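Below is one structure; the comments refer to it alone.
Starting from 1, each residue takes its place in the sequence as its number. Every value quoted in this text rests on a predicted model; they were computed, and no experiment measured them.
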Amino acid sequence: MISNQSKPNLQYAFFCSDFIESKDQVSAVGILDWADVRGTIKSTETIPEKIFPLKMVLGINGPPGTYALKLVISKPSGGVSAAVDLEQFNILPDEYLHRCIANLDMEVSEDGLYQFNVLVNNTSIGIALLPMSFLIEFEG
C-alpha cells in the first residue's frame, strides 16, 4: 500500500475466533460475519452473562509517527456500549502497515447490528459492523 499518505487510514478490519501469528505466517481462525450465540440452561440455573469473546484484527497504514488507537462500540439502539483504548503504536519510515489484534469480551445486551468505530488520535478512520444476538432458552 501507499506509505506516503498524509494521515492514517484503515486498510482492513475483520472479526475472528482466534488469530495466530508466528515468524513466517499468520492465521485467522473462525472468521465471523455475524455472532449468534445460543445456550440452553435449566430453569433453576442462574442466567449467564451475555458475553461473547472475539478478536478484532485491524490493519492501519499511514505516515511515520506515533499513534493512539481506540475503539468506540455502539449498540444497535445507538448508545455507546464501550470505549476501549487499545494501544499506542509507531509507524517507522520503512514500514507501511501496523496490525492490531483486539481481544474483546463483547457484552451482547441487545440483538442487532453493533458498530465498531476505529479512532486514531481521536479521529475516526473507519468503522466495522457485526450483527450479534444472544439467546438463552430454558429446558423443562
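- Here the shortest heavy-atom pairing between Val29 and Cys16 reads O-CB, 3.4 Å.
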Before giving the answer on side chain to side chain contact (heavy atoms under 4.5 Å, CB included), spell out for Leu71 and Leu86 the whole-Å C-alpha distance, their side-chain angles and the decisive distance to 0.1 Å. CA-CA 7 Å; Leu71 274 181; Leu86 292 177; 3.8 Å; yes
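- Closest heavy-atom contact between Asp111 and Pro76: O-CG, 3.6 Å.
- You'll find the side chain of Phe138 stays beyond 4.5 Å of the side chain of Lys42, heavy atoms only.
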Taking it one step at a time, do Phe116 and Leu104 satisfy side chain to side chain contact (heavy atoms under 4.5 Å, CB included)? CA-CA 11 Å; Phe116 297 75; Leu104 304 172; 4.0 Å; yes
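- Heavy-atom minimum distance, Lys75 versus Val80: CE-O, 4.2 Å.
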With side chain to side chain contact (heavy atoms under 4.5 Å, CB included) as the test, would you mind laying out the steps for Met132 and Leu54 before giving the verdict? CA-CA 11 Å; Met132 291 191 280; Leu54 63 95; 4.2 Å; yes
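- The closest donor-acceptor contact from the side chain of Gln88 to the backbone of Thr66 lies at 3.5 Å or more, if one exists at all.
- In this structure a side-chain-to-backbone donor-acceptor pair under 3.5 Å is present from Asn121 to Ala68.
- A donor-acceptor contact under 3.5 angstrom links the side chains of Ser77 and Glu110, judged on distance only.
- Both Phe14 and Val26 belong to a common hydrophobic cluster when Ile, Leu, Val, Met, Phe, Trp and Tyr are linked at side-chain heavy-atom distances under 4.5 angstrom.
- When hydrophobic clusters are built by joining Ile, Leu, Val, Met, Phe, Trp and Tyr residues whose side-chain heavy atoms come closer than 4.5 Å, directly or via intermediates, Leu58 is not grouped with Leu129.
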Worked verdict on Leu130 versus Leu113 for side chain to side chain contact (heavy atoms under 4.5 Å, CB included): CA-CA 6 Å; Leu130 185 65; Leu113 191 63; 5.9 Å; no
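- The line from CD1 of Ile31 to CG of Asp18 is 10.5 Å long, rounded to the nearest 0.5 Å.
- Separation of atoms CZ (Phe19) and CG (Asn103) is listed at 11.5 Å; rounding is to 0.5 Å.
- Considering all non-hydrogen atoms of both residues, Ile41 and Thr46 come closest at CD1-O, 3.9 Å.
- Note: Ile73 CD1 to Ser81 OG = 6.0 Å, rounded to the nearest 0.5 Å.
- Under a hydrophobic clustering in which Ile, Leu, Val, Met, Phe, Trp and Tyr are joined whenever their side-chain heavy atoms come within less than 4.5 Å, directly or via other members, Val72 and Ile125 fall into different clusters.
- The shortest distance between side-chain heavy atoms of Met106 and Pro53 does not fall below 4.5 Å.
- Closest approach of Gly62 and Tyr67 over heavy atoms only: C-OH, 4.4 Å.
- Contact detail for Pro8 and Val120: the closest heavy-atom pair is CG-CG1, 3.8 Å.
- Note on Tyr114 and Leu119: separate hydrophobic clusters, where clusters join Ile, Leu, Val, Met, Phe, Trp and Tyr whose side-chain heavy atoms are under 4.5 Å apart, directly or indirectly.
- Counting only heavy atoms from C-beta outward, the side chains of Cys100 and Leu69 approach each other to under 4.5 Å.
- In terms of hydrophobic clustering, with Ile, Leu, Val, Met, Phe, Trp and Tyr side chains grouped at heavy-atom distances under 4.5 Å, Leu135 and Phe52 are assigned to different clusters.
- Judged purely by distance below 3.5 Å, without hydrogens or angles, the side chains of Gln11 and His98 never pair a donor atom with an acceptor atom.
- Using a 4.5 Å heavy-atom threshold, the side chains of Arg99 and Val57 count as touching.
- A heavy-atom distance below 4.5 Å is not found between the side chains of Leu97 and Ile60.
- Using a 4.5 Å cut-off on side-chain heavy atoms (C-beta onward), Lys70 and Val118 make no contact.
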